[in-house]
Amino acid sequence: MFRRERSIPLRSSAAALSNNLSVLQLPARDLTHFGVVHGPSAQLLSAAPEGVPLAQRQLHVKEGAGVSPPLITQVHWCVLPFRVLLVLTSHRGIQMYESDGSVMVYWHALDSGDASSVQAMFARGIAASVHFICVGTWSGRVLVFDIPAKGPNIVLSEELAGHQTPITDIATERAQGQDGVADMVTADDSGVLCVWRSGPEFTLLTRIPGFGVPCPSVQLWQGIVAAGYGNGQVRLYDASTGALHIQISAHARTISALDLAPEVGKLLSAAEDTFVHIWKLNRNPESGSIEVEHCHGECISDTQVCGARFCDPSGSSFAVTGYDLTEILRFGTV
């Protein structure tokens, strides 16, 4: 179903972090942007459809007091209805750039007042919701930034307190104007999931308890929460009730990335067991139950996979990063 295509070279290996790949497709310009974290820097690459690399840029953490440069935890493009921003999180703070990384428009320093002497501060988990960008923190709080249509006047509008342990990932889905519909889910190191409704004030709708393992990656699609766990399981929940519908023993090791192709309901799961799987999600129109079908499996031999993303909303291509792998692997439909 999928075949290996031309890979994109990296200057250095992707760091061994979950969700360590971000993809932004620009159909109007026939370009795809890729973002990968390596230590204190993030690599941004642009490629043509055939995988020909066209441009590279490196971003670094805003400097401050400290002996060594702080490590970046994630890089992610946030697509808002009126603009696209590139968000970079680190052990020091949150940086927001114009989509090409050329201009930093906002900097938010993490407040060390909430951290004990043995805690490491960091931000991790990035998602866009309507005109907000939400970013998770080590304390379990989620920072909500109100984004203007243009310019740098970004405001921290709210802090969400639904978690007791560090945030691992955040996923959102456009609710398309439906009142009361869940459109954001947050995950943490204890495996707890919180389902929210965005708005001038965010509302906690459902809290799904953990079961003793972290949840490194989460996705949301048509009222279905897909969560990938440290034991290799993928679990599908109903976002409105929190009820568990399906439990899949998808991988033999920790899941490092989930992604969704929203046009077709394809779910991509990648893990440290070298495998990438693609699943088809569906909701039965008669019973309302969630159904899943396995579509494809790909082994990235001898590689600790740390990032994987679809490259288009129809799920016809995907890209993979791995620790100690100095290239982005690309796969497309045959």
Side-chain angles (χ1 to χ4, degrees), residues 1-5 7-8 14 17-25 32-36 51 74-77 79 125-127 168-173 185 187 215-222 224-237 246-283 290-301 303-323 325 328-334:
M1 186 177 177
F2 287 85
R3 63 177 173 82
R4 178 89 173 266
E5 296 183 340
S7 61
I8 301 171
L17 302 167
S18 58
N19 306 307
N20 192 1
L21 176 64
S22 185
V23 175
L24 175 68
Q25 190 187 32
T32 305
H33 291 334
F34 299 90
V36 181
Q74 193 175 1
V75 61
H76 184 71
W77 276 282
V79 180
I126 309 164
T168 51
D169 196 21
I170 303 176
T172 56
E173 181 183 32
V185 58
C215 177
S217 197
V218 69
Q219 290 291 328
L220 181 62
W221 181 75
Q222 294 189 3
I224 301 171
V225 175
Y229 292 93
N231 61 357
Q233 287 184 0
V234 173
R235 293 188 173 198
L236 305 179
Y237 301 91
I246 294 176
Q247 176 178 305
I248 309 166
S249 296
H251 294 273
R253 296 190 66 182
T254 297
I255 288 179
S256 52
L258 293 182
D259 195 25
L260 261 164
E263 290 183 358
V264 292
K266 285 182 181 177
L267 175 71
L268 180 153
S269 66
E272 294 180 2
D273 63 357
T274 75
F275 277 92
V276 177
H277 290 294
I278 294 176
W279 317 82
K280 178 71 171 70
L281 307 185
N282 188 44
R283 192 182 282 274
I290 299 169
E291 301 171 343
V292 64
E293 173 190 0
H294 184 259
C295 300
H296 182 74
E298 194 76 46
C299 177
I300 317 297
S301 58
T303 301
Q304 180 182 326
V305 176
C306 51
R309 292 278 177 184
F310 285 117
C311 297
D312 59 272
S314 63
S316 62
S317 59
F318 65 92
V320 178
T321 59
Y323 177 63
L325 187 69
I328 299 174
L329 306 179
R330 296 170 61 252
F331 297 84
T333 49
V334 177

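In this chain, residues are counted from 1 in sequence order. Since the structure is predicted, the reported quantities are computational estimates derived from the model, not experimental observations. What you see below is based on every heavy atom in this structure, not just the backbone, and it leaves out hydrogens, waters and symmetry mates.
The side-chain heavy atoms of Leu267 and Val234, taken from C-beta on, include a pair separated by under 4.5 Å. Taking the side chain as every heavy atom from C-beta outward, Phe331 and Glu5 never approach each other to under 4.5 Å. Residues Asn19 and Gln74 are in side-chain contact: their nearest non-hydrogen atoms beyond the backbone lie under 4.5 Å apart. At a threshold of 4.5 Å between non-hydrogen side-chain atoms, the residues Leu236 and Val225 do not count as touching. Side-chain contact between Ile328 and Val320 is absent, with no heavy-atom pair separated by less than 4.5 Å. Looking at heavy atoms from C-beta onward, Val23 lies out of side-chain contact with Phe310 at the 4.5 angstrom threshold. Ser269 has its side chain within reach of Trp279: a pair of non-hydrogen atoms, C-beta onward, lies under 4.5 Å apart. Residues Gln247 and Gln233 have side chains in contact (heavy-atom distance under 4.5 Å, counting atoms from C-beta outward).
Listed for the Asp169 side chain is a donor-acceptor partner under 3.5 Å among the backbone atoms of Val218. Judged purely by atom type and a 3.5 angstrom limit, Thr274 has no side-chain atom pairing as donor or acceptor with the backbone of Cys299. Judged purely by atom type and a 3.5 angstrom limit, Ser7 has no side-chain atom pairing as donor or acceptor with the backbone of Leu329. The main-chain N or O of Ser301 is found under 3.5 Å from a side-chain atom of Thr303 such that the two form a donor-acceptor pair. Not a single donor-acceptor pair under 3.5 Å links the side chain of Thr32 to the backbone N or O of Gln25. Ser217 places no side-chain N or O within 3.5 Å of a backbone atom of Gly228 that could act as its donor or acceptor partner. When atom types are taken as modelled, the side chain of Trp221 and the backbone of Pro262 share a donor-acceptor pair closer than 3.5 angstrom.
Ile224 contributes atom CD1, which lies 8.0 Å from atom CD1 of Ile246 (distance to the nearest 0.5 angstrom). The distance from the NZ atom of Lys280 to the NE2 atom of His294 is 14.5 Å, given to the nearest 0.5 Å. The line from CD1 of Ile248 to CZ of Arg235 is 11.0 Å long, rounded to the nearest 0.5 Å. Separation of atoms CD1 (Ile126) and CD1 (Ile170) is listed at 8.5 Å; rounding is to 0.5 Å. Residue Ile290 holds its CD1 atom at 8.0 Å from CG of Leu281, rounded to the nearest 0.5 Å. Annotation: the span from His33 atom NE2 to Ser22 atom OG amounts to 11.0 Å, rounded to 0.5 Å.
A salt bridge (charged side-chain N to carboxylate O under 4.0 Å, His left out) check over residues 248-272, counting only residues at least two apart or in different chains, returns the pairs Arg253-Glu272, Asp259-Arg309. The salt bridge (charged side-chain N to carboxylate O under 4.0 Å, His left out) contacts involving residues 311-320 comprise nothing, where partners must be two or more places apart or lie in separate chains.
Taking all atoms of both residues into account, the shortest heavy-atom contact from Leu258 to Gln219 is O-NE2, 3.1 Å. Contact record, Ala227 with Cys215: CB-SG, 3.8 Å, taken as the closest heavy-atom pair. Residue Ser314 comes nearest to Ala261 through the heavy atom pair C-CB, 3.9 Å, listed as atom of the first residue, atom of the second, then distance. Taking every heavy atom of both residues into account, Val36 and Val75 meet most closely at N-CG1, 3.9 Å. Here the closest non-hydrogen pair linking Ala308 and Ala257 is N-CB, 3.7 Å.
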>> Is there a side chain to side chain contact (heavy atoms under 4.5 Å, CB included) between Leu268 and Val276? Walk through the geometry before answering.
In response: CA-CA 7 Å; Leu268 180 153; Val276 177; 3.9 Å; yes
> Gln222 and Glu173: side chain to side chain contact (heavy atoms under 4.5 Å, CB included), yes or no, with the steps?
Replying inline: CA-CA 8 Å; Gln222 294 189 3; Glu173 181 183 32; 4.0 Å; yes
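Ring orientation note: the planes of Phe2 and His296 are tilted relative to one another, at an angle of 30° to 60°.
For Ala271, the side chain to side chain contact (heavy atoms under 4.5 Å, CB included) test picks out His251, Ile255, Asp273, with sequence neighbours left out.
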